[in-house]
Amino acid sequence: MNRAVYDERPPGSLVPTSVAEASRAMAGDTTLSENYAFAGMHHIFDQHVDSAVPRLQFANDDKHLLACCSLDGTLSIMTLSPPPASVKVTLKGHGGPVTDFAWSLSNDIIVSTSLDGTLRIWNTEDGRCIREVRDPESSELLCCTFQPMNNNLTVVGNSKHHLQVVNISTGKKVKGGSSKLTGRVLSLSFDAPGRILWAGDDRGSIFSFLFDMATGKLTKAKRLVVSEGSSICSISARSWISREARDPSLLVNACVNKLLLYRVVDNEGTLQLKRSFPIQHGSQHVHSIFCPLMSFRQGACVVTGSEDACVYFFDVERNTKAIVNKLQGHGGPVLDVSFNCDESLLASADSTGMVIIWRREQK
């Protein structure tokens, strides 16, 4: 590759280079503010009202299917089409608050973790629990994620500081697929190829691990102390193909009243702070996301919840007035946000159990 062709933007630029005209055309010739003008509420789900909804996520490559988990011990799979929007199925079986969940790549399975000390594997079509895997330490399970290249493998984090790779087909731990952090494991994210795993704990540290694709073994690589004693609530990884923006990046919520954007500087997952954005976040488990079509636009946008009951959109390339949009309507701290695949809808969930679906303005 001739580097000179691609270096029209400064090193560390997160947005596409001007070479990526074809990709930008997919998103239309509009500004970031126009693209992320979410006008009104498309629908409100209140089936979990009075219990916090800590996580929600649209299904992979889907416009209308999404799921959420609740501290009431259940998960909901919701569909927005055909109207009216409705709860398609409720996943019942956990004996305690559900802390996290993840869709499989084909959306036919959801895995979930709970304070009851179990990982559960669910059939998303009929809501049946296919398998229950108990934590060997009988500790609370706090987070989970699929290995992106091998959905037979799930990584789980627990309250006794341990990470564990689990084969969901057998329900067995993977040999060599465990490690220990400095605190309760609260957040997990793989890079797109599935070779690096980042894990955050409640002592303010982010660890990177090298993942052996053949064996499922984890090797501890690097540690970054973001802020001593602060909880790393959310980690989102994003990598870029060479003809667009080049820097792999990590988006982090860490209870420091800022949303943090890191650059991944090597193949061991070493992190370097690129930017931070002010939000209200001191104690709740607030999450954030990269916009799915970010790589197709002139700008680069991230979205986060906040303890002031608002949803914030930030342009990561704008030096001043980085807020692109702010959505108001929740009655408590916004804990998670999720886009559908074409960014026509945004979902947000809060500490009161409310899930709001926001509709993007039609141009």
Side-chain angles (χ1 to χ4, degrees), residues 6-21 23-39 58 189 234-241 243-254 256-264 271-281 286-330 334 336-348 358-363:
Y6 296 90
D7 286 345
E8 298 168 34
R9 286 185 172 271
S13 177
L14 265 182
V15 297
T17 63
S18 56
V19 181
E21 295 298 340
S23 294
R24 275 201 294 271
M26 292 174 66
D29 188 22
T30 50
T31 66
L32 266 193
S33 297
E34 289 170 329
N35 275 313
Y36 296 114
F38 279 76
F58 273 94
S189 185
S234 174
I235 302 175
S236 296
R238 175 62 72 90
S239 46
W240 304 100
I241 56 175
R243 76 188 187 95
E244 297 185 342
R246 299 168 302 282
D247 273 6
S249 303
L250 218 63
L251 193 62
V252 174
N253 294 84
V256 291
N257 289 311
K258 293 176 185 175
L259 175 65
L260 307 170
L261 180 67
Y262 288 92
R263 182 180 298 128
V264 183
L271 302 176
Q272 181 182 79
L273 185 64
K274 177 180 168 64
R275 285 207 62 182
S276 64
F277 307 92
I279 60 169
Q280 283 191 32
H281 183 203
V286 170
H287 296 82
S288 58
I289 53 169
F290 289 99
C291 295
L293 299 184
M294 184 168 71
S295 62
F296 300 150
R297 305 187 190 285
Q298 284 283 8
C301 200
V302 296
V303 184
T304 184
S306 179
E307 290 175 358
D308 64 358
C310 297
V311 176
Y312 289 93
F313 296 67
F314 292 105
D315 181 353
V316 300
E317 289 287 297
R318 197 184 290 180
N319 290 324
T320 58
K321 297 182 179 177
I323 295 178
V324 173
N325 197 1
K326 174 182 175 181
L327 302 180
Q328 297 171 288
H330 282 281
V334 179
D336 203 5
V337 287
S338 179
F339 267 115
N340 67 351
C341 62
D342 68 354
E343 294 184 352
S344 60
L345 297 169
L346 175 78
S348 53
W358 306 86
R359 183 180 66 255
R360 196 169 69 181
E361 281 184 357
Q362 298 299 312
K363 296 296 175 187

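Side-chain N or O atoms of Ser189 include one that pairs as donor or acceptor with a backbone N or O of Ala237 at under 3.5 Å. Judged purely by atom type and a 3.5 angstrom limit, Arg275 uses its side chain to pair as donor or acceptor with the backbone of Val316. Remark: the backbone N or O of Leu345 is paired with a side-chain donor or acceptor of Asn340 at under 3.5 angstrom. Panel note: side chain Ser306, backbone Gln280; a donor-acceptor pair is recorded below 3.5 Å.
Looking at heavy atoms from C-beta onward, Asn325 lies out of side-chain contact with Val303 at the 4.5 angstrom threshold. Using a 4.5 Å heavy-atom threshold, the side chains of Glu343 and Arg360 count as touching. Side chains of Pro278 and Asn257 form no contact here, defined as non-hydrogen atoms less than 4.5 Å apart. Inter-residue side-chain proximity for His287 and Val337 is flagged as unmet; no heavy-atom pair is nearer than 4.5 Å. Annotation: side chain of His330 is in contact with side chain of Ser348 (closest heavy-atom distance under 4.5 Å). Under the 4.5 Å side-chain criterion, counting only non-hydrogen atoms from C-beta, Val311 is not in contact with Thr304.
Ala347 approaches Phe58 most closely through the heavy-atom pair CB-CE1, 3.7 Å. Counting all heavy atoms, side chain and backbone alike, Leu250 lies closest to Val264 at N-CG2, 4.5 Å. When all heavy atoms of Ser288 and Ser234 are compared, the pair lying nearest together is N-OG, 3.4 Å. Closest approach of Ser249 and Leu261 over heavy atoms only: CB-CD1, 4.2 Å. Of all heavy-atom pairs spanning Gln328 and Cys310, the tightest one is CG-SG, 3.6 Å. In terms of heavy-atom proximity, Phe290 sits nearest to Val302 at CD2-CG1, 3.8 Å.
For the atom pair CZ of Phe313 and NZ of Lys326, the computed distance is 13.0 Å after rounding to the nearest 0.5 Å. If you take CZ on Arg263 and NZ on Lys274, they are separated by 5.0 Å, rounding to the nearest 0.5 Å. The CG atom of Leu273 lies 6.0 Å from the CG atom of Leu260; values are rounded to the nearest 0.5 Å.
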Checking side-chain contact (heavy atoms from CB on, under 4.5 Å) for the pair Val286/Val334: CA distance, chi angles, key distance, verdict?
CA-CA 7 Å; Val286 170; Val334 179; over 6 Å; no
Is there a side-chain contact (heavy atoms from CB on, under 4.5 Å) between Phe314 and Ile279 once you walk through the steps?
CA-CA 11 Å; Phe314 292 105; Ile279 60 169; 3.7 Å; yes
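Aromatic ring centres of Phe339 and Phe38 lie closer together than 6.0 Å.
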